[in-house]
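Every number for a ligand or one of its atoms is a count from 1 in the order of the listing. Note that the structure is a prediction, hence the values are computed from the model and not measured.
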Amino acid sequence: MKKILSDQYDIIFGVPAYNFLGKLIKNRAYSKIFVLTDTQCNALCIPHFLAHLPTETAFEIIEIETGEAFKTMETAYSICQALTELKADRDSVLITVGGGVVTDMGGFVAAIFKRGIACINVPTSLLAMVDASVGGKTGIDLDGIKNQLGTFTMPQSVLIDVRFLETLAADQMRAGLAEMFKHGLIYDRSYWEVLTQLGQLTTDDLEDLIFHSVQIKNEIVAQDPTEKGLRKILNFGHTLGHAIESFFLESTERTTLLHGEAVAMGMVLESYLSWQMGKLTEDEYYSIKTVLFGTFAPIDLTASEVEACLQWLQHDKKNSGGIPQFVLLDALGSAVVNQVVPKALIVKSFKECFS
Ligand code: GLY
């Protein structure tokens with residue numbers, strides 16, 4: 001069985017994951033099993049999931065709307081109400097089957113419902129497989145502020161079945177790739193180099209790449225589960241990425257950007273800042289920009305939209321004394337945290353990177 005052992009839970013890959021789940025359900029003797037999913041996954045992924053669940057398992061499905069716009073208190077509240085109506089108790093388990101919104105929000109509800117019930121993540125998007133479902137961050141957005149409410153609560157286990165990706169839209173695949181690029185850039189130069197040759201990789205390579213990304217994330221989280229220091233490197237590209245994502249989410253004129261798309265833009269910007277702050281070479285910056293803009297189209301923002309994006313920086317969870325703290329690269333495959341960057345340089349980065 002292909003698996004990664006975290007210090008608190010197991011991450012199981014492929015078909016054997018379903019046998020593992022069957023045994024887990026039997027051994028833990030959960031009083032009730034709830035499956036949280038969204039409308040899109042209910043149609044595309046739940047039939048595959050149920051076909052592999054041990055037949056004697058009884059469960060209730062709770063469905064939410066699809067998309068980041070629904071990662072709200074209102075949706076979390078409705079899930080809590082559904083669990084209450086369906087008589088969930090402390091020995092119940094919530095199995096999240098979906099992308100990052102479902103695993104983040106399901107994890108959050110499981111962490112607070114009756115002060116905590118078990119949660120098992122079954123990620124169905126690439127982004128959720130390599131990032132959201134692993135490492136115990138749970139959360140919901142508040143008034144457009146990303147993950148403003150949340151907890152660090154480890155899941156009881158994570159099941160990764162890459163066959164879910166067969167129905168994943170191309171833009172969602174790309175969004176997941178952004179987090180994989182990030183793993184290479186912050187931690188593993190040779191992995192970054194493999195990913196830059198993506199055009200030559202086949203889908204058979206995908207499970208190995210996902211496995212490697214999860215290994216990197218797990219290794220970082222194991223050293224710093226509650227993000228006091230090292231884990232912050234996983235936020236590379238996210239300081240400006242989250243600001244851009246929140247701006248698009250709340251804008252009435254712009255269509256929403258996927259999380260991974262916003263993070264890709266953030267990684268180009270923060271690589272530029274890394275170069276300008278004397279940590280990366282010009283060649284390294286341009287190589288990152290070429291690879292990322294080969295996969296993600298640059299966004300086009302007016303000066304006032306850049307200003308509007310930067311307003312969201314005040315809500316970044318890494319801020320100290322109201323000052324944004326960036327994760328910068330000091331080489332391909334290595335990152336430093338708690339870096340302060342002049343505001344004028346941040347504004348300049350948007351102009352230099354996207355024009
Ligand atoms: N997504 C970043 C982290 O889990 O720390």
Please verify the inter-ring angle class for Y18 with F49; under 30° counts as parallel, over 60° as perpendicular, anything in between as tilted.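 The arrangement is tilted - the two ring planes meet at 30° to 60°.
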
Please verify the inter-ring angle class for H52 with H48; under 30° counts as parallel, over 60° as perpendicular, anything in between as tilted.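 Geometry flag for H48 against H52: tilted rings.
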
State the atoms of ligand 1, each with its element, that fall below the 4.0 Å cut-off from a heavy-atom position in [X].
X    : value
D131 : 1 (N), 2 (C)
K217 : 1 (N), 3 (C), 4 (O)
K137 : 2 (C), 3 (C), 4 (O), 5 (O)

Below 3.5 angstrom, do we get any N/O pair linking R231 and ligand 1?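 Indeed, backbone or side chain, R231 has an N or O that close.
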
Can you name the closest pair of heavy atoms from V327 and I233 and give their distance?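 For V327 versus I233, the nearest heavy atoms are CG1-CA, 3.8 Å.
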
Do you know the tightest heavy-atom contact between S213 and H183?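 Shortest heavy-atom contact: OG-ND1, 2.9 Å.
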
